[in-house]
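The chains referred to below are lettered A, B, ... by the order of the sequence lines, with proteins before strands, and numbering in each begins at 1.
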Protein chains: 2
Amino acid sequence: MSSTRSRARPGEGEKLREEILLAAESLLVETGTDGALTLRAVAARAGVTTPSVYLHFANRDDLLEAVCLRSWGELERRMRERSEGVDDPLRVLGRCGRVYATFGLEHPVQYRVLLMRPSAHRSPGARECFRYVTEAAAACVSAGIMRGRPESLAVGLWSALHGLVSLLIAQPEFDWPDDLDTLIDDVVRMAGFGTVLASRIPREATPTSAQLAEGLDALTANWPERDQPRR
Amino acid sequence: MSSTRSRARPGEGEKLREEILLAAESLLVETGTDGALTLRAVAARAGVTTPSVYLHFANRDDLLEAVCLRSWGELERRMRERSEGVDDPLRVLGRCGRVYATFGLEHPVQYRVLLMRPSAHRSPGARECFRYVTEAAAACVSAGIMRGRPESLAVGLWSALHGLVSLLIAQPEFDWPDDLDTLIDDVVRMAGFGTVLASRIPREATPTSAQLAEGLDALTANWPERDQPRR
DNA sequence: AGCGTCAAGTTGACGGTGTCAAGTCAGCTC
DNA sequence: GAGCTGACTTGACACCGTCAACTTGACGCT
C-alpha cells in the first residue's frame with residue numbers, strides 16, 4: 001500500500017489510534033449505520049492497511065464501542081447544563097429524562113451499540129447512564145419525596161426511559177404519534193410520578209383500583225390549576 | 001450432496017420450510033445465540049444444501065424472524081391464562097406485566113431478534129406486544145382508574161417493561177440485584193401507579209415535589225395496611 | 001410405455017467479512 | 001554504521017450471505 005500517510009515515529013503509535021477513531025466516526029455519521037464500519041473501510045479511510053487496526057483495538061467490537069463512547073460524554077454535559085439552577089428534585093429528574101431521551105434519539109447508532117447489543121463485559125455506557133439517574137434519584141430521596149435505595153429507584157426510571165428510546169430506535173416503522181416530545185414527556189411523567197408513588201406504597205398495602213382512583217380524586221382536587229410554562 | 005433426506009414430491013415443497021424452521025429452532029436453543037444461525041449450519045442440519053433455504057425464505061433475516069416468531073404465541077396464551085378471573089384491572093395489568101417480563105427473560109434470543117434490532121418493516125412481534133398492553137390499558141380506562149387514550153397509556157407501560165427486559169438481556173454483566181422477581185415487580189408497580197397518576201394530573205397542573213409528597217402522605221395514611229398475598 | 005413439464009433441490013462460484021502469522025521497513029541508540 | 005525495536009504491511013485462511021445456472025425426479029398426458 002503506497003499511501004500518503006507516513007509511518008509514525010517510535011513512541012507515537014498512539015497517533016494511529018486517534019486517526020482510526022476519527023475515520024470510524026466520520027464513516028459512522030456519513031452512513032448512519034454501524035454495518036458500514038468494516039475494518040477494511042475504516043482502515044482505508046485512515047490511510048492504513050486493515051490489520052493495522054488490530055494494533056490498537058482487540059477486534060471490531062472493541063473499535064465499535066470505542067467510537068460510540070466518544071459521543072457519550074456529551075450526554076452528561078447536557079444533563080448538567082439543563083438541570084443547572086433547578087431546585088425541585090422531581091423537576092431535575094424530568095429534565096434529565098428529557099435530555100436522555102432526546103440525546104438517545106439524536107445518536108441512534110451509538111445508543112444501539114452501547115446499550116442494545118449483548119455486551120459481554122460491563123459496558124461503560126451503561127454504567128454512566130445508571131450513575132446519572134442514581135444521582136437524580138438520590139436527590140429525590142434526600143428531599144423526602146421518594147423512599148428507598150436510590151439504586152433501586154434508578155433502575156425503574158432508567159428502564160422506562162431506555163424502553164422508550166430503544167423502541168423508537170428499533171421499531172421506527174411502528175405507529176408512533178407525530179409529536180415525539182409529548183410522548184417523551186408522558187413517559188417521563190409516568191416514570192417520575194410512578195417511582196414516587198410506588199416508593200411510598202408498601203407492597204403489602206397495594207391498593208385496589210377503586211381505592212387508588214378514589215384516593216387520587218381527592219388528592220388532585222386539592223391542587224389548584226396553576227399556570228406555569230412546561231419547561 | 002448424498003443425504004438421507006429424499007426430495008419432496010411436487011406440491012409438498014412446504015415440508016422443507018417446516019424442516020428448516022425446526023432445524024433453526026433447535027440450533028437456536030442449543031447455542032443460545034442467533035449468531036450461530038448461519039444459512040449453512042441450518043441447511044446442513046435440515047439435510048439440505050445452503051441455497052435451498054432461499055426457496056422458502058427471502059434471506060437470513062427473514063428466516064431469523066420467522067423462527068423467533070414461533071415462540072411468540074405462547075406469550076399471549078400465558079397472559080390470558082395468568083389474568084383469567086381477575087377483576088381488578090390494575091391487578092390484571094400487573095400480572096400481564098410480570099408475565100411479559102418473565103417471558104422475555106426466558107426467551108432472550110427471540111426477544112432480542114424481534115424487538116431489539118432495527119427492523120425495517122412493521123414487526124409483527126411489536127404489534128402483538130402493543131396489542132396486549134393496549135387491551136389491558138383500555139380496561140383500566142373503562143373502569144375509570146386511568147384517563148386518556150389507551151394507546152397513549154400503553155406506550156408508556158410497554159416502554160417501562162421493555163426497558164427492563166431489554167436492559168437485562170443486553171447488559172447481563174451489569175450489577176443487577178439478586179432477586180429479579182422483586183425487580184420486575186418494582187418496575188410493574190412503578191409503571192402501573194405512574195400511568196394512573198400521570199393520566200390524572202393535567203400537564204398544566206404538575207405539582208412541585210413538596211406538594212406531591214404532602215398530598216401522597218395524606219393519601220397513603222388513609223389506607224389501612226392489609227394482609228393479602230402478593231399474587 | 002414413453003414423453004414433456006415443471007417443481008424441488010444442487011453445483012459452483014462471487015465478493016465480502018473478521019482475523020492472524022509472518023515479514024518488512026524506518027528511525028533511534030550505541 | 002550495526003543492530004534493535006516499534007510501526008506497519010503482506011498474504012493468506014476460513015467463513016459468510018447470495019445468486020445464476022444446472023440437474024433430478026415425480027407427475028399427467030397421450
Side-chain angles (χ1 to χ4, degrees), chain A residues 1-24 27-28 31 33-68 109 113 117-121, chain B residues 1-24 27-28 31 33-68 109 113 117-121:
Chain A
M1 170 161 286
S2 63
S3 91
T4 90
R5 195 193 126 90
S6 61
R7 185 182 296 241
R9 306 216 296 256
E12 300 187 340
E14 288 295 309
K15 272 188 181 169
L16 179 55
R17 185 189 160 90
E18 192 58 23
E19 288 177 34
I20 290 176
L21 281 175
L22 239 49
L27 213 52
L28 206 61
T31 64
T33 164
D34 64 276
L37 228 51
T38 69
L39 290 185
R40 293 180 217 275
V42 170
R45 176 160 299 208
V48 111
T49 59
T50 311
S52 295
V53 177
Y54 285 92
L55 296 177
H56 295 285
F57 302 94
N59 49 42
R60 191 187 106 105
D61 258 33
D62 196 35
L63 164 62
L64 210 54
E65 195 174 300
V67 64
C68 288
V109 192
V113 168
R117 293 183 333 164
S119 76
H121 60 294
Chain B
M1 171 160 288
S2 62
S3 94
T4 91
R5 193 192 126 92
S6 62
R7 184 184 295 241
R9 307 214 297 253
E12 299 186 342
E14 289 295 309
K15 272 188 182 170
L16 179 56
R17 184 190 161 88
E18 192 60 22
E19 290 178 32
I20 290 177
L21 280 176
L22 239 49
L27 213 54
L28 207 60
T31 64
T33 163
D34 64 276
L37 227 53
T38 69
L39 290 186
R40 292 180 218 273
V42 171
R45 175 159 297 209
V48 109
T49 59
T50 312
S52 295
V53 177
Y54 286 91
L55 297 175
H56 295 285
F57 300 94
N59 48 43
R60 191 187 108 105
D61 258 33
D62 197 34
L63 164 63
L64 209 55
E65 194 174 300
V67 65
C68 288
V109 192
V113 168
R117 294 183 332 164
S119 77
H121 60 295

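- Distance check, rounded to the nearest 0.5 Å: CG of A:L22 to CG of A:L27 gives 11.5 Å.
- Atom-to-atom, OH of B:Y54 to P of C:dA8 comes out at 19 Å; the value is rounded to the nearest Å.
- Between A:S52 and the phosphate of D:dC8, there is no side-chain N or O to OP1/OP2 separation shorter than 4.0 Å.
- For A:L63 and C:dG18, the CG to P distance is 10 Å, given to the nearest whole Å.
- Atom pair B:L55:CG and D:dC22:C1' shows a separation of 14 Å (rounding to whole Å applied).
- Side-chain to base pairing of A:R40 with C:dG16: no donor and acceptor N or O lie closer than 3.5 Å to each other.
- One can place CG of A:D34 at 15 Å from C1' of C:dG18, the figure rounded to the nearest angstrom.
- When each of B:L39 and A:P51 is assigned the nucleotide of DNA chain D with its nearest heavy atom, A:P51 is the one assigned upstream, toward the 5' end.
- Closest non-hydrogen pair, B:R60 versus B:G35, comes out as NH1-O, 4.5 Å.
- In this structure, A:F57 atom CZ and D:dC8 atom C1' are separated by 15 Å, rounded to whole Å.
- The distance between atom CG of B:L37 and atom C1' of D:dC16, rounded to the nearest whole Å, is 13 Å.
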Notebook entry, point to check: Passes side-chain hydrogen bond (donor to acceptor under 3.5 Å, both in side chains), A:E19 versus A:H56? Steps please.
Noted result: CA-CA 11 Å; A:E19 288 177 34; A:H56 295 285; over 6 Å; no
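- The side chain of B:R60 sits closest to D:dT18 out of C:dT10, C:dG18, D:dT18.
- Rounded to whole Å, atom P of C:dG16 lies 19 Å from atom CG of B:N59.
- Relative to the side chain of A:T38, the nucleotides D:dT18, C:dG18, D:dT9 differ in distance, and C:dG18 lies closest.
- Atom CZ of B:R45 sits about 9.5 Å away from atom CG of B:L37, to the nearest 0.5 Å.
- Rounded to an integer number of Å, the gap from B:L64 CG to D:dC16 P is 14 Å.
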